> 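After the structure tokens below, expect a handful of questions from me.
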Amino acid sequence: MDEHLAVPLSVLSRIPLGVGLVILAVLGYVIYQVYFHPLAKYPGPWLGKFTEAGAAYHAVKGDLHLHIWWCHQKYGPVIRYTPNLVIFNTESGLKDIYVRGKDLRKDVHYGVIQLGTKNLLTVTSPKEHAKRSKIIGPGFTSTAMREFEPKLLSHVHKFRDALYPSSDPDRTWGPPMVMSEWCSYFAFDVITDLVFGKACNLLGSQQFQCTVYDISGMMKRLSLLMYAPYVFLGRLDKKLFKDEVRGMKRYHRLVNSMMADAASMSGHVLSQLTSARDSVTGPTLTDADVYSEAAMLAVAGSDSTSVSLCASLFYLATYPHAYAKLAHEIRSVFPSPDDIRSGPLMQQCTYLQACIKETLRISPAVAGCPYRRVEKGDTLVVDGNVIPAGCSVGTGIYSIHHNPLYFPRPEEFIPERWLTESGAGTDKLDVTSAAYAPFSQGSRACIGRHLAQLELQLALASLVWSYDFRRPDTAAGAMGAGNPGAGIGRTNPHEFQLYDHIISQKRGPVLQFRPRAR
Ligand code: HEM
């Protein structure tokens, strides 16, 4: 025998059978994933062919949306991001997946992020989803929002007044305010008032203010679990996220106490949940279902709106011409702050609507890729590609919102792109609108979009009517902005930074307010 071959063979013969089999299995898996897997032909990150570990890493780091965006820059509009997931960065793909593929189920991974049992956000079966939408939907229609508006306005006024604590006739600039905290207090008060019939009062008292950090930590942990459910094994997640788990327990205690208080009242979303009945089987939702829905709504309805409000304020404080135009519009349309409400005057505020749309484009609160599963027996064709059963598909919302094909100069905040009179030509606007999906599209689109839009309109109009605001000229003033040394996707100082943990988390901006000159 050849002398050179003799050594390796002797080494091989000493490898225990079990280890040999493992090596063979790994080799077989690698070859299958690279050459024979139904998604093998799609380009994408190398590690993603074999494991979701890369996605899990970016999920916990909070830059999953940026990594997906970067992969599209590198590999093109269609990428295999994890072994079974293809992501499309096209408007036609978005429609195929979320609108035409309306019977597609949410991916089973959603099961990991439910708070207890399944809920409207996480349920996968279309039938179960339709049942729950029928119960919860009426609480979030535009008509329901009109009824809720007086209460919402009282929170807007409390929020506005909290930002400039004293009434100073000299109009000096107030103290720096960390808006990521204040916007979260405001949004949590609003959603708890709507869901439980009583606001948690974070704006008025420090007692439960830690809830906003509890929710943020909870989302971070869940975003890891969504891509690495095996972290559950041996409850490794409890060891990795000690503080976050403690915060989650505190959040559950708070929801329980709000539910107990709400039990004696009616006219809130919770009462819709508890009173829903089937004529044959009795209560439609179990107590555990009701709990899960309420706990989810309070998170989905506060975190998303607060990050959008923070981003809007950041862009207005960063783009002076947008600020000036908006201030002119709001201050000339509404004669007094008490006139700020939905209706004909609000409809005249086209620049305000454009600023909100542009904020949700450049900094979408759900920035990652809400993905859907092709079930056995289903066929899905996306952009002419047949997606086999067992695979998942989606579109990265941040990525498509930053695709220059649909949004020229995507890294700039340009409210004018949404205004036909600014030369954005209707044809162009049609294409732009078709690729716009901050609330997703189709049957699983956001149920809270009317609330979110009303909240943003009222809060922004009230702040801009009453105050001037600015980012202070200190290190704190840079909070929330990108910076050239911050790594891929985070270098733009004019872009508000999102930390994608299913719902985007935020840091800043820090702003100073003063009463505006009259
Ligand atoms: C600017 C604010 C908001 C944005 C950008 C936003 C965005 C989204 C997106 C993209 C989805 C689809 C997620 C997926 O498919 O996995 C979604 C779903 C959902 N959102 Fe929102 N959301 C906002 C505000 C709200 C509010 C205020 C609520 C009120 C409770 C809410 C409750 C929900 C619920 C329950 C779902 C699940 C709907 C379903 O699957 O049928 N969201 N949201």
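Order of appearance sets the numbers: ligands from 1, and atoms from 1 within every ligand. Every value quoted in this text rests on a predicted model; they were computed, and no experiment measured them.
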> Which heavy atom of the protein is the closest neighbour of atom 16 (O) of ligand 1, given with residue, atom name and distance?
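Sorting protein heavy atoms by distance from atom 16 (O) of ligand 1 puts Y110 OH, 2.5 Å first.
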> Counting both backbone and side chain atoms, is some N or O of R372 under 3.5 Å from an N or O of ligand 1?
yes
> If you count the atoms of ligand 1 from 1 in the order shown, which ones are under 4.0 Å from a heavy atom of L297?
30 (C), 35 (C)
> Would you indicate whether the side-chain heavy atoms of L39 and P388 approach each other to under 4.5 Å?
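The answer is yes, as the side chains (C-beta and beyond) meet within the 4.5 Å cut-off.
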> Hey, which atoms in ligand 1 end up nearer than 4.0 Å to a heavy atom of F140?
29 (C), 30 (C)
> For the CG atom of L85 and the CD1 atom of I68, what is their distance to the nearest 0.5 Å?
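L85 CG to I68 CD1: 7.5 Å, rounded to 0.5 Å.
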> Identify, with sequence neighbours excluded, every residue that meets side chain to side chain donor-acceptor pair (under 3.5 Å) alongside Y42.
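Counting only residues at least two positions away or on another chain, Y42 forms a side chain to side chain donor-acceptor pair (under 3.5 Å) with N385.
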> Does the ring center of Y436 lie less than 6.0 Å from the ring center of W418?
yes
> Please list the nearest protein heavy atom to atom 41 (O) of ligand 1 with its residue and the distance rounded to 0.1 Å.
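Heavy-atom neighbour on the protein nearest atom 41 (O) of ligand 1: H129 NE2, 2.6 Å.
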> Starting from atom 40 (O) of ligand 1, which protein heavy atom do you reach first, and at what distance in Å?
R444 NE, 2.9 Å
> Checking a contact table here: which protein heavy atom is nearest atom 10 (C) of ligand 1, and how many Å away?
P438 O, 3.3 Å
> What is the nearest protein non-hydrogen atom to atom 1 (C) of ligand 1, stated with its residue, atom name and distance?
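Going by distance alone, atom 1 (C) of ligand 1 is nearest to S308 OG, 3.2 Å.
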> Does NZ or CZ of R507 lie under 6.0 Å from the centre of the six-membered ring of F314, at an angle within 45° of the ring axis?
no
> I'd like to know whether the aromatic ring centres of H402 and F407 sit less than 6.0 Å apart in this structure.
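H402 vs F407: aromatic centres not under 6.0 Å.
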> Aromatic contact between F413 and F496, with the criterion being ring centroids under 6.0 Å apart: yes or no?
no
> Would you call E329 and K325 a salt bridge, taking side-chain N to carboxylate O under 4.0 Å as the test?
no
> Provide the number and element of each atom of ligand 1 under 4.0 Å from a heavy atom of K106.
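So the atoms of ligand 1 that pass are 14 (C), 15 (O), 16 (O), 40 (O).
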> Answer yes or no: does atom CG of D287 have more than 12 heavy-atom neighbours from other residues, nucleotides or ligands under 6.0 Å?
no
> What residues form a ring pair (Phe, Tyr, Trp, His ring centres under 6.0 Å) with H58, not counting sequence neighbours?
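Per chain and number, H58 pairs via ring pair (Phe, Tyr, Trp, His ring centres under 6.0 Å) with H67.
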> Please confirm whether the backbone N or O of V255 pairs with a side-chain atom of Y291, one donor and one acceptor, at under 3.5 Å?
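Such a contact is absent between Y291 side chain and V255 backbone.
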> Can you name the residues that form a side chain to side chain donor-acceptor pair (under 3.5 Å) with R160, not counting sequence neighbours?
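For R160 there are no side chain to side chain donor-acceptor pair (under 3.5 Å) partners, ignoring immediate neighbours.
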> Number the atoms of ligand 1 from 1 as they appear, then name those within less than 4.0 Å of a heavy atom of L120, with their elements.
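Near L120, meaning under 4.0 Å from one of its heavy atoms, ligand 1 has 35 (C), 39 (C), 40 (O), 41 (O).
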> Can you list the atoms of ligand 1 that are under 4.0 Å from a heavy atom of P370?
14 (C), 15 (O), 16 (O)
> Just to be sure I read this right, does ligand 1 sit under 4.0 Å from the backbone of V123, its side chain, both, or neither, counting only heavy atoms?
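For V123, there is no contact with ligand 1 at all, from either part.
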> Below 3.5 Å, N or O to N or O, backbone or side chain included: is there any such pair between S443 and ligand 1?
no
> Counting heavy atoms only, which part of Q453 comes closer than 4.0 Å to ligand 1: side chain, backbone, both or neither?
neither
> Between Y315 and E412, is the side chain to side chain contact (heavy atoms under 4.5 Å, CB included) condition met? List the steps.
CA-CA 10 Å; Y315 290 115; E412 289 176 46; over 6 Å; no
> Taking atom 21 (Fe) of ligand 1 as the center, what protein N, O or S atoms are found at less than 2.8 Å?
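Result, waters dropped: C446 SG.
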> Classify the contact between A445 and ligand 1 as side chain, backbone, both or neither, using a heavy-atom distance cut-off of under 4.0 Å.
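A445 to ligand 1: backbone contact only, side chain stays beyond 4.0 Å.
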